Structures are given as C-alpha cells and as structure tokens.
There are 4 protein chains.
Amino acid sequence: MARGNTRQRIQDVALELFGEQGYEKTSLREIAEHLDVTKAALYYHFKTKEDILNSLFESVSQPIDKLIEWGQGQPRSLETKQEILRRYADALAAAAPLFRFMQENQGTMRELRPGEHFKHRMISLVDLLRDPDAEMPDQVRCFTALMAMHAGMFALKDIEGDPDDKRSAILEVAIELVTQAHTGH
Amino acid sequence: MARGNTRQRIQDVALELFGEQGYEKTSLREIAEHLDVTKAALYYHFKTKEDILNSLFESVSQPIDKLIEWGQGQPRSLETKQEILRRYADALAAAAPLFRFMQENQGTMRELRPGEHFKHRMISLVDLLRDPDAEMPDQVRCFTALMAMHAGMFALKDIEGDPDDKRSAILEVAIELVTQAHTGH
Amino acid sequence: MARGNTRQRIQDVALELFGEQGYEKTSLREIAEHLDVTKAALYYHFKTKEDILNSLFESVSQPIDKLIEWGQGQPRSLETKQEILRRYADALAAAAPLFRFMQENQGTMRELRPGEHFKHRMISLVDLLRDPDAEMPDQVRCFTALMAMHAGMFALKDIEGDPDDKRSAILEVAIELVTQAHTGH
Amino acid sequence: MARGNTRQRIQDVALELFGEQGYEKTSLREIAEHLDVTKAALYYHFKTKEDILNSLFESVSQPIDKLIEWGQGQPRSLETKQEILRRYADALAAAAPLFRFMQENQGTMRELRPGEHFKHRMISLVDLLRDPDAEMPDQVRCFTALMAMHAGMFALKDIEGDPDDKRSAILEVAIELVTQAHTGH
DNA sequence: AATGAATGAGTGTTCATTCAT
DNA sequence: CATGAATGAACACTCATTCAT
C-alpha cells in the first residue's frame, strides 16, 4: 500500500498545511492525520519538525542559487537585469506555494535557517540589480521591483482579472522600475 | 506600586514581544514576566490573548479610517492621490512597530479580526489610487506603491543609508508609480 | 441606588444559578455579573463561596426542624405520619428551587456542611414514619415515600399533566406507602 | 511495563474518582497520579475528559437498551412489567458504581450526552410500565417505582440491615407499586 | 517502514480569594 | 458599601519528541 513515496507525501501535505495555517499553528498530529499515519512515522523520515520545513526549501534554493550564479557571470547590463527578473518570475511561479508561505510567515522565517539563507539570496539578487553608487531612490526601485513580485503574486487576488495578465503586468512594472534605476531616471 | 498604567504597560510589552517573536510564539507567561506580574493579572485587563492584540490595533485603525474618509471626499485627482501616499507614509511611521508586526505575521493576521479589517482598509486605499478601467499594469502600479511602502519601511535595513533618506526615497518611488498610473504611462 | 438588599439579591441570584448549573460550575464572577457588582462586593457580604450556599439553607432548615420537633411531640399514629407528609410537601413546595438544587447536587452536598445537616434531618423524618421493628419492606416504604416526594417534585416534568395534579398525586402515593407500612400490609 | 490495559485502568480509576468526588471536582491530574502516568498519557487514550465519562456509559447502555427492546416486544401485561423491574434491578446492581455516580451528579449529567441518552431510556422504561390513560396517581406509582430503585440502591446505607434484604425489599415495593397501578388500585 | 504508548514542558484560561483604597 | 488590581493554584488540553517493538 505505502510505497517509498511517503517522504514526498509528507512534504506535500506539510507545504499545504504550513501555507494554509502557518508553520507554528500546524501540528505534526495534523500532518500525520492527513496522511493517515502516526506522528511517529514522520520521525522516521525527518528528524524534527523544522527538518520538514528545511527540506521544503531545498528544492527551491537550487534554482535561485543558479540564477544568482548566472547573474554574477553576466555583464551588469540592463538586458541582464531584465533577464534576471524574468527568470525570477519563473522561479516564483514554479514554487508559488512555498513563496506564499514565506510571505505570510516572515516572522517565523527570520529565526529559521532557511530564512537566513533566503535573506542572503535576496540581498545578492538586489545587488545584481542595483548600482551601489546610485541615488537612494534608484536603490529603492530595484528593491521594490523584487518586493512587488513577491507581494503581487499572492496578494493580487483581491483585484479582478486574469491571473496570467496580472503576472505579466507585475513583471512589466518590475522591469520598468529596474530600467528606470539603470538608466538613471 | 500598582497604578493605573498596567493596561498600557501590557500593550507596550505585548507589541514589543509580538513584533520580535510573532504572535503565536509569544506566550502570556512571557508578557507577564516582563511586567513582573502574574498571568492572571493580564486577564484582569484583557479578556483573551487575542483581545490584547485587538487592542493594539485600535489606535492605528482610526488614522487610517480618517485618511480613507478624507480621500473619498476629495476629487480623484493626481494631487489627491499623492497626498494620500504622503499621509499614509506618516501613519506608517507613527505606528511603525505595529506595521512591522503585521508585515511579519501576515498569516496569523489573515484569520484574526483586525486582519480582516486591515485588508478592507487596504482595498479601500488602493481603490482611491487606481482607476478600475485602467490597464492591468497601471492597477499593479498603484498596488505596488502601497506594498512598497509597507515592505520598504522595515526591510530596507539591509541597505546602508540614512533612515530618513530611505523613507523619503520610498515615498518618492511610490508617488512616481501612482503618477505613472494616473497619467497613463 | 443600591440599598440594604444586596445580601438578599446575592442569595437570589446564587440560588438561581446554583440550581441551573450546579454549585461547582457557577463562578462568583457569574453571580457578580448578574448583579452588576464586582466579585469583591460578594466578599463584603459573605466570607466564602460556601458561605453563600450555607446561607441559602438557613431559611429552609428552620421549617423542617420545626416539623421534626412537632412530629416528635406527637403520638406515633397514622394520622401524625400523614400530617408529617402533608407538611413536608408544603415545605418542599415553599423551597422548591433549593430542593431541586440538592437533588441535582447530591455529590457536592455530601461533603458540605448543609448536606450533613440535611441528611440528619431526613433520617429523623424517616424515623418518625417508620417502625424500627417492622419488616424491611415496610421500612423501604417509608423511605420511598420521602424519596418519591423529592424526586417527583422535579423530575415529573416529563409527564404531561397539571402540576398541581401531579403534586397531589405524589402526596397521595406517599401517604399510601406510609399507611401500608403503618398498618402492616 | 506498558501493557495494553492502560485504557481500562483509566476507566476504572475515573469511575472510582468520579463516584467519590463528582465529575467536575475530579481533575485529570488526579486520575493520572493514581495511575502513575502523566496527564498527557490520558490524552493518548481519550480525546477529552468528557470522553472518558462517555466511555464509562457505553458498557451500561447496552443492557438497558436491550431491556427496553425486550419490553417493547412483550405484551403489556402485569407479568411483563414485573419482569422489567426484576431485570432492571439486576442491571442496576451490575453497574452500581455508575448509577451511584449518576444519582449524585444529576446536575452535571443533565448537560452531558450520556445524561440525555439516559433520560430518554428512563422515559422509555416508564412508558413500558405505565398506562398513559390511567389516573395521575397510577402514573406516579410507576414513576416512583423506578425512582425508588435508583435512590434506594445507594441511599439505604443509613438504615441497618442486610444489603441483600434491602435490595429485595426495594424490588418488592417497586413491584407492588406497579401492580397497584396496573390493576387500578 | 512504521506503530503504540508515553513524556515533559508548555499553552491559554478560570477560579476563589485578598486587600488597600 | 463597594471597587480596582492582583495573586496563586489549578485546570483541560496540545505539542514536539522518544523509544521499544
């Protein structure tokens, strides 16, 4: 009945519940019940609750790390910056539930390992977009471009319209912001 | 020893701890210990833990409600929209710790009363800024303007620079976004 | 506004709530709220919660004590026994809520002072009705006569019929039982 | 050390303590201490405190339900009614502690599930004994017959005599009451 | 690969009671 | 005659975690 996919199923259910209710408010009992196994079974697959959370980030970390690596190897041109945003939008869409979770649990993330890592990645990303010698408003534009993508992906439900339209509109605005920052107004 | 300021002190400590550790991870025991009173004393002043949180929002709700009311009484001109952003920036600065808390506990807020209220207020605010018949990217610009102010106020610590500079840069970018949306490119 | 009747009002509300919810499940907070005073006010009028309960029994003790005294001064005739039942029925009706409370809180009563007292009174009453040398079934009849009056007064709600009819029917059955016991079949 | 009998032991101790002190006044801590386990262990076996109580009633419900069912399939003759009382006496004796608990916690029972159930069973039982068209005193006799058995089983400690004698005397009186009701005086 | 049974530390909440004012 | 403020002890319940089987 139960094959070697239990680990994966735990991750799926955990992501779903963490996203719906938050990390703290989701208990291992709940996860276990959703899977129709005992709590102890979870401990066969993961050492702690935090470990389950950590594991969820492993899959999403790699694409972003690669994106950063790629960006660092490119010329700091406008085209590069725009491409970074496009690729980041794809990464966001590919791991939407996890980003949604992070968005809603920023506080919890702050004191967890993956939170630290993610923060560093975000800083690296912003650093690829901004020019450290530019005026403050241009710095803010780059920063805002990323923030807007995060927030927009999930909080735009309250505005009517086709989801794909929204997503491409967000990307358009983000690119515009970075372009303004790059060209200097 | 016991003066009439205990209620206020509870609110102060609660805001501080909720902000630092999140609502769920902050226990009433902790709050009580910080105040050197017993947990039961908290219950003399507030009916539940959630009640403490609710009370924190009462002070911040009024200014925003007034701002919305003011905006609804104004012509939907560019000047009005810019003034709304300026006033909102002030409200944000005046209740910074609470906004920071909300930013980091979005998930928790979602299922609490003040969260619901706040969401409605945000929608009302966006509605004052955007033109419902405009293109999607313009809608996104208005939405982004507000989001940027929220996120920027707290997450900009990782970029060096004078806090006041940052704040005014954020406001500048937000105003710019709304201006673009208003003028139609 | 509040005159010297607060003590009485506390007793009234306490009797009502103790009866509805039981002694243990009724908190002083509840009583105070019903009266629109603070808990502390209750302590001005009564030393403890148990004290409130005790005070409720004072008014009902006297009539029963007098009944017992009266019975002990009478010849142990059938007429006397029947008259005891009649008078007891009146006492029961006069303090119905309190008897109802006792009926439903026998366990709690057992370990409280008034419970002890009441038990002694009941034994004295049975002793007035029964002949200690009679056969066991006759003893049981006398005992049952009293029990029936207690239980019947409150538990007969589930049978349709006029309350007065029920009460007089109960008394009739009780008298019959005691008569059978007295005459020896 | 840990065998599969813990659930049963919890029930045993709970019945004992609920009976001695009442349901409300018995804490889970106490039960746990009597068993030398932690409170949390109780929650492995039962979902709530009320659940422990409910479980105690499961064993006693069945015999009474069967008795009612049996009675409903019999002719409404005097013999049937007498047999019902006899069988009910046996059920009472078999689950004496639980009935004693109910007797002393009528108030608590009133608002609990098993209390509701039990009340319905009692009504069904009385309905098997009484003739709904009979005079009120005859109805009362049937009702009293059952009440007497309940009360008598536990409250007769205060009269000297052999317990078995008492029990059979109670049954005798109960049968007599129902017989009078059936024959019409 | 998983369960059954349990734990220790904690949670939010309620209670009867006290006492200075 | 009463309140405002507080306490200490308890309560039902939940949690992440452990470990023998």
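This structure is a prediction, so every number in the text was calculated from the model and none was measured. The figures here come from the full heavy-atom set of this structure, side chains too, leaving out hydrogens, waters and symmetry mates. Naming convention: chains lettered A, B, ... in sequence-line order (proteins, then strands); numbering from 1 in each chain.
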* Asked: In the strands shown, is dA20(F) matched to any nucleotide by a Watson-Crick or G-U wobble pair with both distances under 3.5 Å, and which?
  ->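 dT3(E) - that is the nucleotide pairing with dA20(F), both distances being under 3.5 Å.
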
* Just name whichever nucleotide pairs with dC11(F), Watson-Crick or G-U, keeping both distances under 3.5 Å, else none. =>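 Because both required distances fall under 3.5 Å, dC11(F) counts as paired with dG12(E).
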
* **Val37(D) vs Leu28(C), nearer the 5' end of DNA chain E by closest nucleotide** =>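 Result: Val37(D).
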
* Asked: If you find the nucleotide of DNA chain E closest to Thr26(C) and the one closest to Arg9(D), which residue's nucleotide is nearer the 5' end?
  ->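 Per heavy-atom nearest nucleotide, the more 5' residue is Arg9(D).
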
Distance below 4.0 Å between [X] side-chain N/O and [N] OP1 or OP2:
| X | N | result |
| --- | --- | --- |
| Thr6(D) | dA6(E) | yes |
| Ser27(B) | dT11(E) | yes |
| Arg29(A) | dT14(F) | no |

Rounded interatomic separation in angstrom, taking [atom1] from [X] and [atom2] from [N]:
| X | N | atom1 | atom2 | answer |
| --- | --- | --- | --- | --- |
| Glu24(A) | dG10(E) | CD | C1' | 14 Å |
| Ile31(B) | dG12(E) | CD1 | C1' | 11 Å |
| Asn5(A) | dA1(E) | CG | C1' | 12 Å |
| Lys25(D) | dA16(E) | NZ | P | 11 Å |
| Glu33(D) | dT7(E) | CD | P | 13 Å |
| Gln21(A) | dT14(F) | CD | P | 14 Å |

Determine whether a donor-acceptor pair (N or O, by modelled atom type, separation under 3.5 Å) exists between the side chain of [X] and the backbone of [Y].
| X | Y | result |
| --- | --- | --- |
| Lys25(D) | Thr108(C) | no |
| Arg110(A) | Glu20(B) | yes |
| Gln8(D) | Asn5(D) | no |
| Lys49(B) | Thr26(B) | yes |

* Which sits closer to the 5' end of DNA chain F, Asp36(C) or Lys39(C), going by the nucleotide each is nearest to? -> Asp36(C)

* Asked: So among Val37(D), Leu28(D), Leu35(D), Leu15(D), which one has a side-chain contact (heavy atoms from CB on, under 4.5 Å) with Ile10(D)?
  ->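 Passing option: Leu35(D).
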
* To do: Would you jot down, in residue-number order, the residues of residues 40-50 of chain C having a non-hydrogen atom under 4.0 Å from DNA chain F?
  => Ala40(C), Ala41(C), Tyr44(C), His45(C)

* **Donor + acceptor pair across side chains of Asn54(D), Glu58(D) (<3.5 Å)** => no

* Asked: How are the rings of Phe99(C) and His150(C) set relative to one another: parallel (under 30°), tilted (30 to 60°) or perpendicular (over 60°)?
  -> tilted

